[in-house]
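Reminder, nothing fancy here: chain letters follow the sequence lines and each chain counts from 1.
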2 protein chains.
Amino acid sequence: MTHLTIALDMMGGDHGPPVTIEAAVLAVKEFPHLHLFLCGDLVQLQDGLSGYADLPLERLQLVSTEQVVSMDERPSAALRSKTRSSMRKALELVEAGEADACVSAGNTGALLAMAYYVLKTLPGIDRPALISSLPTTSHKKVYLLDLGANVNCDSEILFQYAVMGSVMAEEVEGLTRPRVALLNVGEEQIKGNDQVKHTAQILSSVPGINYIGYIEGNDIFTDKADVVVTDGFVGNIALKACEGLGKLIITEVKRVSGKNLMTRVMARMALPILKKIYARVNPDQYNGASLIGLRGIVVKSHGNASSDAFLYAIREAMQEVARQVPNKIKHKIETLLMERP
Amino acid sequence: MTHLTIALDMMGGDHGPPVTIEAAVLAVKEFPHLHLFLCGDLVQLQDGLSGYADLPLERLQLVSTEQVVSMDERPSAALRSKTRSSMRKALELVEAGEADACVSAGNTGALLAMAYYVLKTLPGIDRPALISSLPTTSHKKVYLLDLGANVNCDSEILFQYAVMGSVMAEEVEGLTRPRVALLNVGEEQIKGNDQVKHTAQILSSVPGINYIGYIEGNDIFTDKADVVVTDGFVGNIALKACEGLGKLIITEVKRVSGKNLMTRVMARMALPILKKIYARVNPDQYNGASLIGLRGIVVKSHGNASSDAFLYAIREAMQEVARQVPNKIKHKIETLLMERP
């Protein structure tokens, strides 16, 4: 396999270098063709790396940066004032062609704003989207987008999201003609708001997208579709509502578990399973999310991510590099724009 | 307590008379001041009632209707052609002042369309809303609206929803100055789409509403607010996504339970608890939902509801009658419209 380079924002996330360094070390050991740019505070990075033996230092290039984007910083403020941050530098390495992708566990809003500013969108794409995969009852994955990159989406943007989601399912999941659905309040054609109805018309008119119609919120998880498209307002709220429900269920099981010996034993056994399931439905935490539609690959790991989750995000970025996702999106949108009546 | 009359759509729901009759019988036995109009097919109703002894027949008035609105009928078709249906008749009894409220387990879309047509909205209210309560981690309830009555909501309608939700929390839950929040993709003021931002401005300007700001999807369940306001598109999808997640978790626990004796025992104990929790977070099934903003009280029980759930919906309707919810909404909106700058 050929040389592959990823720029890591080492300072992002709630835990910073201890977690990102461990993930970086695991990654270069797992993938002999992987090169990493480690962007962050030089002293902290050198300190952290000194704890590891036998490092392939020729594949770990430290990039000294002075600033850190904090987790609660306003995206506009970060964009304006954090031009010498680890996050910004990692994105600039992608823009300059020195890295093939960037991975960050930092502030999502700031990452979106900076990535959009530094990398720009692909031709034919107006706005980037945040996409992730969720589990289904059949143990296949379903891609859901947009998870909050854009709260105002007209039908053109939703169409572009459908195209991007379809490419992700084809390239990253390896599906042939992935089933693309629009999230709606009912399955009948007359249902929904104007944007959704108009998007349905556009999608029905392009043979290059395997558009299967509307699905309702409960069917996100039932393997009816491979890609579920919605605007960032709805996608974000639906995903977070699920996250909240997952936490509520875990809290309830813990509460019940205090009642007597029987329920205590039961809960002790049930909780790990529930937590595992919860983790699967909480992609922000485990799977990470990709920013797509940009002229470069950016993967977002959860702020509270473990080194395993950050490593997962690195693998995800590598997969998108190998499959040349931005190029495929660019070609797909060009083809489809020609197909459209 | 004074005489109270509720009109029941006996033919609605997946199970029809067997379930609705049992609930009606339980209700008149539980509440000596309750009178019921039982709207439906006379033969089926008489047949069903003949199985019960000691019925207070003077409080059970049969109303013969010829048509039934089916569960998959299009609302517009039902509105046009089912003018002699049990659902329509129950609503007309409310409109005529003969009944204080109507309860149906029938087709939600048809019920919404018919109720809107027959009862009309209150002065100051442009569109009715579908509201229900959800559990929180602190075991208090939170009201969520709109659950799908209107997919296109401007800031005026969202403002009216906030007023109606606030009245429901005050009157039905007995809260003083219930905390009203807007569902959004972040808590910062700059977040969200134009409708949400404009609604926030309106709500901040009226002292009569205890508006606490934005909350995110995961905080629906954390007792941050007593009323969560959103448009019917988002509310419906968020609620159904939670329903889908609940089912996924139950499926996963069942799947895991097949693996070995230990997990089988565990799952057999965990499942009833999970199902109970799931039922609590699936208000459409258990709590029912109210149509509010109309000049009459309409409560929707789930189509697949048991007699217990239908009885719960009758109790909910009785509570709304006792607290004169439509009147309170009318007065509240009048007061607030005068408060607004």
Tightest non-hydrogen contact, residues V196(B) and F233(A), listed as CG2-CZ, 3.6 Å
Separation of H139(A) NE2 from T251(B) OG1 (nearest 0.5 Å): 9.0 Å
Does any backbone or side-chain atom of T222(A) lie under 4.5 Å from a heavy atom of chain B? Answer side chain, backbone, both or neither. neither
Given the options D194(A), T137(A), V185(A), which has more heavy-atom pairs under 4.5 Å with chain B than any of the others? V185(A)
Rounded distance (nearest 0.5 Å) linking atom CG of N236(A) with atom CG of L183(B): 9.0 Å
Heavy-atom cut-off 4.5 Å, strictly under: side chain, backbone, both or neither for I220(A) against chain B? side chain
Please set out all donor-acceptor pairs under 3.5 angstrom arising from side-chain atoms of residues 147-155 of chain B, sequence neighbours excluded.
| residue | atom | partner | partner atom | Å |
| --- | --- | --- | --- | --- |
| N150(B) | OD1 | R127(B) | NE | 3.2 |
| N150(B) | OD1 | R127(B) | NH2 | 3.0 |
| N150(B) | ND2 | P128(B) | O | 2.8 |
| N150(B) | ND2 | Y161(B) | OH | 2.4 |
| D154(B) | OD1 | E156(B) | N | 3.2 |
| D154(B) | OD1 | I157(B) | N | 3.0 |
| S155(B) | OG | H198(B) | ND1 | 2.7 |

Tightest non-hydrogen contact, residues C242(A) and L245(B), listed as O-CD2, 3.2 Å
Which of the residues D219(A), V234(A), N193(A) is involved in the greatest number of heavy-atom pairs with chain B at under 4.5 angstrom? N193(A)
Top residue by heavy-atom pair count (under 4.5 Å) with chain A, among G186(B), G217(B), G232(B)? G217(B)
So which heavy atom on L248(A) is nearest to which on P135(B), and how close? CD2-CG, 3.8 Å
Looking at every heavy atom in both N218(A) and E243(B), which two are closest together, and how far apart are they? ND2-OE2, 4.2 Å
Between G109(A), G235(A), G192(A), A241(A), which has the largest tally of heavy atom pairs under 4.5 Å with chain B? A241(A)
Between T230(B), N184(B), D231(B), which residue shows the highest count of heavy-atom pairs closer than 4.5 Å to chain A? N184(B)
